[in-house]
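Data block below; observations after.
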Amino acid sequence: MDFKGEIIKLIEGKISDIDESGLEKLIEVPPNPAMGDFALPAFSFAKTMKKAPNLIAGELAETLESPYFEKIEAKGPYLNFFINKGLLVEDVLKDVYENKDRFGSSDLGQNRNLIIDFSSPNIAKAFHIGHLRSTVIGNSLRNIFDFLGFKTVAVNHLGDYGTQFGLLITAYKLWGDQDAIDKNPIPELLKLYVRVNQEAEEDPSLRDQARDWFRRLEAGEDEAVRLWTYFREVSLSEFNRVYKMLDIDFDSWNGEAFYSDKMDQVVKDLEDKNLLVPSENAIVVNLEKYSMPPMLIKKSDGSTLYATRDLAAAYYRHKTYDFYKNIYVVGSQQNLHFKQLFTVLGLLGKDWAEDCVHVPFGMVSLPEGTMSTRRGNVVYLEDVLLTAIDKTKNIIADRDIEDKEKLAADIGIGAVIFQELFNDRNKDYVFDWDKLLSFEGETGPYVQYTHARISSLLEKGNFNLGDEVDYSLLSLDEEFEILKNIYGFKDTVIDAGDKYQPFFISRHLVALCQAYNSYYANTSILVDDEDLKKSRLALSFAVKTVIKNGLGLLGMKAPEKM
Ligand code: ARG
């Protein structure tokens, strides 16, 4: 049931010279339901109709009629539309019953390929709290676009290449201890990396050795490749523990190294288009015309850079997936890099550069002293998640529940994810342990708890999906507000995808839980009247379904018992 579509149809019949998408944008949802469920301001019709907006609204209100609306009313320059409640109730609840875990989904994407490059940590470096954002936002976007009917390709563009590996091999050859690394890979590798950088200050010959090792790695020499593979494997085994905790997987692990032999075409194209110019110690693309510093393509020793590999990766993705969108979920520190990348692709004549999107985000920080940094002064994402689980275990310690380990993980990790996805991704935020784990307020546990409470209510009330429901019994204002929220879920998912903002969904869920919990506090659901009970349980089931689907889109679990 498309209420907005109906409004557009009604208005189109009355006003000439108006286009559909323009109208769609004009339709508002009034903050106060007393002003209608939808409102349309008449200001923009004044010119063509040569009349004052409130006159137009008044005249339209008198002539418009539709079974979709109980009432269409003019209030000053606004037209207010009041949904036909009976119609909405039946339509929404039937939709939920039919679609269940697909309720809210659509086929907007028409199976087009959409690439999401996210998480993408660096080998032999810490998978730290900063990566939480890309990982969690990217995973949610992936779920959202899947739900919208796209064929998503989740890419982990691992930072597994570059001259720093020459340094790392040099350090390993001098001081490496395989046993220590096997036990505690990344902190040990980090130590080697820090040490070699320090010592190279005094002893520049270390840098020569490093360059030589990197050359040997590029040339595919056995020992260099063997060590690089080893560093990559031990790092991945650490990363995979985190992905497992978060229940995230990838369709492609093609990181930077994958492109090490695929850059010739890019460099050749840049040469053919006369875009390469020598600069101090490098060959660059000059971007002065676009008010940007130059993009570095090659260093004087011939070695390529992060940017060059990203150009090659974009080529490869276009060739392999002919993508509808190629999305990079990477922090705002790399704004310039992606602007340069897309500009250079444009200069190369690739019209698909327009389909490449950088989805940036702000910083996350932990207040000092809230977590022991067991492994040096970096905060590892894994430790953050383990801490969340531990703290949750304490909170649920005396609840009567079977698998407390699993529940603590579902709640604790979910709480971290929810906090991460509760605000505009562009905003910076500070980790707040007490707030995020609270069962009250705008939190993950609160939403999950509402879900679990409904589950037990449905069980107690012997709810059956096949039961006949008398929709006309759902006539309370509070019920109508809940139904409108459920009805709006699909649009929220579409908007979240459109703006790359998962927080639209988390906010939608909180609003739904608040509406439902206040209804629950004021209304008995398990009443003696069987029909009334059934209709209220049916509404509760619909709420549960939206919560569950929404949590799934955020990348969270929806426990049945809490
Ligand atoms: N490894 C990079 C980092 O940790 C992120 C890579 C993002 N993806 C890309 N195609 N550049 O900062």
Side-chain angles (χ1 to χ4, degrees), residues 113-139 141-142 152-165 168 186 189-190 193 228 231-232 235-236 238-240 242-243 246 248 250-260 262-263 266 285 292 295-297 304-321 323 325-345 350 352-353 355-364 378-382 384 425 500:
N113 287 339
L114 184 141
I115 297 174
I116 309 185
D117 172 331
F118 69 100
S119 195
S120 310
N122 302 318
I123 295 298
K125 296 247 177 76
F127 192 176
H128 56 80
I129 171 117
H131 290 111
L132 171 69
R133 305 217 68 188
S134 174
T135 306
V136 167
I137 296 169
N139 182 54
L141 290 177
R142 181 230 199 141
T152 59
V153 185
V155 179
N156 197 324
H157 187 83
L158 285 173
D160 57 0
Y161 211 65
T163 42
Q164 72 272 25
F165 286 94
L168 194 59
I186 291 180
L189 291 174
L190 266 180
Y193 190 67
W228 171 82
F231 300 149
R232 193 176 189 274
S235 303
L236 272 178
E238 286 219 31
F239 300 164
N240 277 323
V242 175
Y243 293 132
L246 291 166
I248 291 179
F250 293 88
D251 302 304
S252 160
W253 292 86
N254 290 338
E256 292 186 47
F258 179 77
Y259 301 101
S260 61
K262 297 179 180 59
M263 285 176 282
V266 175
V285 180
M292 282 184 256
M295 184 178 196
L296 270 57
I297 302 297
T304 55
L305 294 142
Y306 179 61
T308 330
R309 291 188 280 277
D310 251 334
L311 282 167
Y315 265 49
Y316 176 85
R317 289 176 192 176
H318 178 258
K319 192 179 87 206
T320 311
Y321 302 107
F323 51 74
K325 285 266 155 69
N326 174 29
I327 296 166
Y328 301 84
V329 185
V330 185
S332 54
Q333 298 95 321
Q334 292 191 33
N335 281 352
L336 175 63
H337 167 72
F338 286 103
K339 252 172 93 182
Q340 291 176 319
L341 179 65
F342 303 158
T343 305
V344 170
L345 288 171
K350 307 296 178 193
W352 47 263
D355 305 322
C356 296
V357 187
H358 176 213
V359 173
F361 48 81
M363 305 259 276
V364 50
V378 214
V379 179
Y380 284 76
L381 178 49
E382 184 176 17
V384 172
R425 59 178 157 71
Y500 311 107

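Atoms within each ligand, like the ligands themselves, are counted from 1 in listed order. Small disclaimer: the values here were computed from a predicted structure and weren't measured.
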Partner of Ile327 by side chain to side chain contact (heavy atoms under 4.5 Å, CB included), out of Thr152, Ile115, Val359
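Of the listed options, the one satisfying the test is Val359.
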In chain order, what residues pass the salt bridge (Lys or Arg N to Asp or Glu O under 4.0 Å) check against Asp310, with sequence neighbours excluded?
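So Asp310 forms no salt bridge (Lys or Arg N to Asp or Glu O under 4.0 Å) with any residue.
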Listed partners of Gln333 passing side chain to side chain contact (heavy atoms under 4.5 Å, CB included), at least two apart
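Partners of Gln333 by the side chain to side chain contact (heavy atoms under 4.5 Å, CB included) criterion, ordered by chain and then number, come out as Met363.
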Just jot down the side chain to side chain contact (heavy atoms under 4.5 Å, CB included) partners of Leu190, sequence neighbours excluded, or say none.
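Leu190 satisfies side chain to side chain contact (heavy atoms under 4.5 Å, CB included) with Ala126, Ile186, Val378, Tyr380 only.
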Can you tell me which residues line ligand 1 if we count any heavy atom under 4.0 angstrom from one of its atoms, in chain and number order?
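Within 4.0 Å of ligand 1, the protein residues are Asp117, Ser120, Asn122, His131, His157, Tyr306, Asp310, Tyr328, Val330, Gln334, Phe338.
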Output field: ring centroids Tyr316/Tyr259 closer than 6.0 Å:
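Between Tyr316 and Tyr259, the centre distance is under 6.0 Å.
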Does the pair Tyr243 and Phe127 meet the rule for a ring pair (Phe, Tyr, Trp, His ring centres under 6.0 Å), with working shown?
CA-CA 11 Å; Tyr243 293 132; Phe127 192 176; 5.4 Å; yes
